[in-house]
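Data first, discussion second: the structure below is written as C-alpha coordinates.
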Amino acid sequence: QVQLVESGGGLVQAGDSLRLSCVASTSTFSRYGVAWFRQAPGMEREFVAAIRRSGGVTTYADSVKGRFTMSRENAKNAVYLQIDSLKREDTAVYYCAASATLITSTLRMATQYQYWGQGTQVIVSS
(Lines give C-alpha, C1' and ligand atoms only; values in the text may rest on other atoms or scores of the structure.)
Protein backbone atom coordinates (compact mmCIF):
# COMPACT_ATOMS: atom_id res chain seq x y z
CA GLN A 1 0.00 0.00 0.00
CA VAL A 2 1.31 3.41 -0.97
CA GLN A 3 0.15 6.56 0.77
CA LEU A 4 0.48 9.87 -1.01
CA VAL A 5 0.32 13.24 0.71
CA GLU A 6 0.00 16.44 -1.28
CA SER A 7 0.86 19.91 -0.05
CA GLY A 8 1.53 23.38 -1.35
CA GLY A 9 -1.93 24.53 -2.34
CA GLY A 10 -3.51 27.75 -1.22
CA LEU A 11 -5.19 30.99 -2.17
CA VAL A 12 -3.18 32.94 -4.73
CA GLN A 13 -3.58 35.78 -7.18
CA ALA A 14 -3.77 35.30 -10.92
CA GLY A 15 -0.27 35.46 -12.35
CA ASP A 16 1.36 34.01 -9.23
CA SER A 17 3.25 30.75 -9.02
CA LEU A 18 2.85 27.70 -6.82
CA ARG A 19 4.78 24.54 -6.23
CA LEU A 20 2.78 21.52 -5.25
CA SER A 21 4.47 18.57 -3.61
CA CYS A 22 3.49 14.95 -3.27
CA VAL A 23 5.37 12.69 -0.91
CA ALA A 24 4.97 8.92 -0.92
CA SER A 25 5.18 6.58 2.05
CA THR A 26 7.15 3.95 0.15
CA SER A 27 10.90 3.80 -0.35
CA THR A 28 10.28 2.14 -3.71
CA PHE A 29 8.57 5.19 -5.16
CA SER A 30 10.93 5.10 -8.12
CA ARG A 31 9.05 2.04 -9.36
CA TYR A 32 5.87 4.04 -9.87
CA GLY A 33 4.71 6.28 -12.63
CA VAL A 34 3.08 9.34 -11.11
CA ALA A 35 0.55 11.85 -12.30
CA TRP A 36 -1.25 14.97 -11.21
CA PHE A 37 -4.96 15.32 -11.79
CA ARG A 38 -7.25 18.16 -10.83
CA GLN A 39 -10.94 18.57 -10.19
CA ALA A 40 -12.67 21.90 -10.36
CA PRO A 41 -16.02 22.47 -8.63
CA GLY A 42 -18.79 20.74 -10.54
CA MET A 43 -16.37 19.26 -13.03
CA GLU A 44 -14.91 15.84 -13.67
CA ARG A 45 -11.40 15.01 -12.59
CA GLU A 46 -8.97 15.79 -15.39
CA PHE A 47 -5.44 14.78 -16.22
CA VAL A 48 -2.78 17.44 -15.75
CA ALA A 49 0.64 15.82 -16.07
CA ALA A 50 2.47 12.54 -15.67
CA ILE A 51 6.06 11.52 -15.17
CA ARG A 52 7.69 8.19 -15.82
CA ARG A 53 9.54 6.18 -13.20
CA SER A 54 12.95 7.54 -14.05
CA GLY A 55 11.70 11.09 -14.26
CA GLY A 56 13.13 11.50 -17.72
CA VAL A 57 9.84 11.79 -19.60
CA THR A 58 6.84 13.92 -18.76
CA THR A 59 3.49 14.35 -20.46
CA TYR A 60 1.20 17.34 -20.05
CA ALA A 61 -2.38 18.16 -20.84
CA ASP A 62 -2.58 20.67 -23.67
CA SER A 63 -4.30 23.15 -21.36
CA VAL A 64 -1.27 23.43 -19.08
CA LYS A 65 1.68 23.09 -21.44
CA GLY A 66 4.17 25.88 -21.01
CA ARG A 67 2.94 26.85 -17.53
CA PHE A 68 3.15 23.59 -15.57
CA THR A 69 6.32 21.64 -14.91
CA MET A 70 6.32 18.25 -13.26
CA SER A 71 9.42 16.75 -11.75
CA ARG A 72 10.36 14.04 -9.32
CA GLU A 73 13.03 13.42 -6.74
CA ASN A 74 13.11 9.70 -6.11
CA ALA A 75 15.64 10.00 -3.32
CA LYS A 76 12.98 11.91 -1.38
CA ASN A 77 10.05 9.84 -2.62
CA ALA A 78 8.55 13.01 -3.96
CA VAL A 79 7.10 14.57 -7.07
CA TYR A 80 6.43 18.23 -7.69
CA LEU A 81 4.21 20.35 -9.85
CA GLN A 82 5.45 23.85 -10.53
CA ILE A 83 2.60 26.07 -11.70
CA ASP A 84 3.46 29.43 -13.20
CA SER A 85 1.24 32.25 -14.44
CA LEU A 86 -1.75 30.91 -12.55
CA LYS A 87 -5.17 31.54 -14.04
CA ARG A 88 -8.60 31.50 -12.44
CA GLU A 89 -9.40 28.37 -14.41
CA ASP A 90 -6.59 26.59 -12.55
CA THR A 91 -8.76 26.68 -9.44
CA ALA A 92 -9.26 23.07 -8.40
CA VAL A 93 -8.29 20.36 -6.00
CA TYR A 94 -5.04 18.86 -7.23
CA TYR A 95 -4.47 15.15 -6.70
CA CYS A 96 -1.32 13.09 -6.91
CA ALA A 97 -1.71 9.53 -8.20
CA ALA A 98 0.71 6.65 -8.58
CA SER A 99 0.71 3.56 -10.73
CA ALA A 100 2.91 0.48 -10.67
CA THR A 101 1.74 -0.47 -14.14
CA LEU A 102 1.68 2.81 -16.01
CA ILE A 103 1.96 2.67 -19.76
CA THR A 104 2.18 5.53 -22.19
CA SER A 105 -1.06 4.87 -24.03
CA THR A 106 -3.21 5.10 -20.91
CA LEU A 107 -1.38 7.49 -18.60
CA ARG A 108 -4.09 10.15 -18.99
CA MET A 109 -6.73 7.82 -17.57
CA ALA A 110 -7.49 8.08 -13.87
CA THR A 111 -8.42 4.41 -13.77
CA GLN A 112 -4.79 3.48 -14.44
CA TYR A 113 -3.63 4.73 -11.06
CA GLN A 114 -3.89 2.50 -8.02
CA TYR A 115 -2.98 5.03 -5.36
CA TRP A 116 -4.31 8.51 -4.73
CA GLY A 117 -3.65 11.30 -2.31
CA GLN A 118 -6.32 13.36 -0.57
CA GLY A 119 -5.67 16.40 -2.69
CA THR A 120 -4.55 19.96 -2.11
CA GLN A 121 -6.79 22.92 -2.88
CA VAL A 122 -5.65 25.68 -5.21
CA ILE A 123 -7.79 28.79 -5.46
CA VAL A 124 -6.82 31.51 -7.89
CA SER A 125 -8.40 34.92 -7.50
CA SER A 126 -8.29 37.71 -10.03
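Heavy atoms only: backbone and side chains are in, while hydrogens, waters and symmetry mates are out.
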E6 vs Y94, side-chain hydrogen bond (donor to acceptor under 3.5 Å, both in side chains): CA-CA, chis, key distance, verdict
CA-CA 8 Å; E6 304 96 333; Y94 285 72; over 6 Å; no

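Distance check: L107 CG to F47 CZ gives 5.0 Å after rounding to the nearest 0.5 Å. The distance from the CH2 atom of W116 to the SG atom of C22 is 11.0 Å, given to the nearest 0.5 Å. Y113 OH to L4 CG: the interatomic distance, rounded to the nearest 0.5 Å, is 12.0 Å.
Under a 4.0 Å N-O distance rule, the pair D90/K87 does not qualify as a salt bridge.
The closest donor-acceptor contact from the side chain of Y60 to the backbone of M70 lies under 3.5 Å.
Taking the ring axis of F37 as reference, the NZ or CZ atom of R45 does not stay both within 45° of it and closer than 6.0 Å to the ring centre.
Side-chain contact annotation: T59 with R52, donor-acceptor N/O pair under 3.5 Å present. Counted by atom type alone, Q114 and T101 present one or more donor-acceptor pairs between their side chains at under 3.5 Å.
The two residues Q82 and S17 have their closest heavy-atom pair at NE2-CB, 3.8 Å. Of all heavy-atom pairs between A98 and F29, the closest is CB-CE1, 4.3 Å.
Heavy atoms from other residues, nucleotides or ligands lying under 6.0 Å from CD of E44 number 12 at most.
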